[in-house]
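For ligands, and for the atoms within them, numbers begin at 1 and follow the listed sequence. All heavy atoms count here, side chains included; hydrogens, waters and symmetry mates do not.
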Amino acid sequence: MPGLVFILNGPNLNLLGRRQPEIYGAETLADVEQGCRSLAAAEGLEIRFHQSNREYELIDWVHEARDVAQGIIINPAAFTHTSVALLDALHTFEGPVLEVHISNVHKRESFRHHSYVSLRADGVIAGFGTEGYLLALRRMATLLR
Ligand code: DHK
């Protein structure tokens, strides 16, 4: 399918809106998905939006994206800082990969400053709140044009 983008979300993001709202904001992941769906329609893109607390599920979606998707937007959440396996999976994907963090990870604990995923990502957005997903999707539309 032309213009299909996977938007993948890692652990604890299912609690968005209820989890440390002073850091991650009041929007829920369903709100984020809805915003992404509206923008994707306006940009002529299709999206598949997924969240999992399990590393292997995120890896399996990256593998699935290899066959059907043109781009990946990923907020790996805590797996950002720990997962060589997710990095390796993303290295097998040929299209653009954009990494999103809701919070400004560089303003937080030092263990959040390093990202394995950034070794593959074509662009990184951090600290723009949930609006970061929309910015990433706009950039993805440009890259896939
Ligand atoms: C989300 C998380 O769950 C954290 O583990 C990351 C990221 C930051 C975010 O800002 O979206 O360190």
Asker: Please name all residues satisfying ring pair (Phe, Tyr, Trp, His ring centres under 6.0 Å) with H91, sequence neighbours left out, ordered by chain then number.
Answerer: none
Asker: Applying ring pair (Phe, Tyr, Trp, His ring centres under 6.0 Å), name anything that partners Y116, two or more places apart in sequence or on another chain.
Answerer: H114
Asker: Quick check on ligand 1: any N or O pairs to the protein under 3.5 Å? One line per pair.
Answerer:
unit_1   : atom_1 : unit_2 : atom_2 : d
ligand 1 : 3 (O)  : R19    : NH1    : 3.1
ligand 1 : 3 (O)  : R19    : NH2    : 2.9
ligand 1 : 5 (O)  : A78    : N      : 3.1
ligand 1 : 5 (O)  : R112   : NH1    : 3.2
ligand 1 : 10 (O) : I102   : N      : 3.1
ligand 1 : 10 (O) : S103   : N      : 2.8
ligand 1 : 10 (O) : S103   : OG     : 2.6
ligand 1 : 11 (O) : N75    : ND2    : 2.9
ligand 1 : 11 (O) : I102   : N      : 2.8
ligand 1 : 12 (O) : H81    : NE2    : 2.7
ligand 1 : 12 (O) : R112   : NH1    : 2.8

Asker: List the residues meeting side chain to side chain contact (heavy atoms under 4.5 Å, CB included) with Y24, not counting sequence neighbours, and say none if there are none.
Answerer: L16, R19, Q20, I102, S103, R108, R112
Asker: Could you measure the distance from the CG atom of N53 to the CG atom of N9? Nearest 0.5 Å is fine.
Answerer: 10.5 Å
Asker: Main chain of A77, side chain of T80: is a donor-acceptor contact present, judged purely on distance under 3.5 Å?
Answerer: yes
Asker: Parallel, tilted or perpendicular: which one describes the rings of H81 and H101, with boundaries at 30° and 60°?
Answerer: parallel
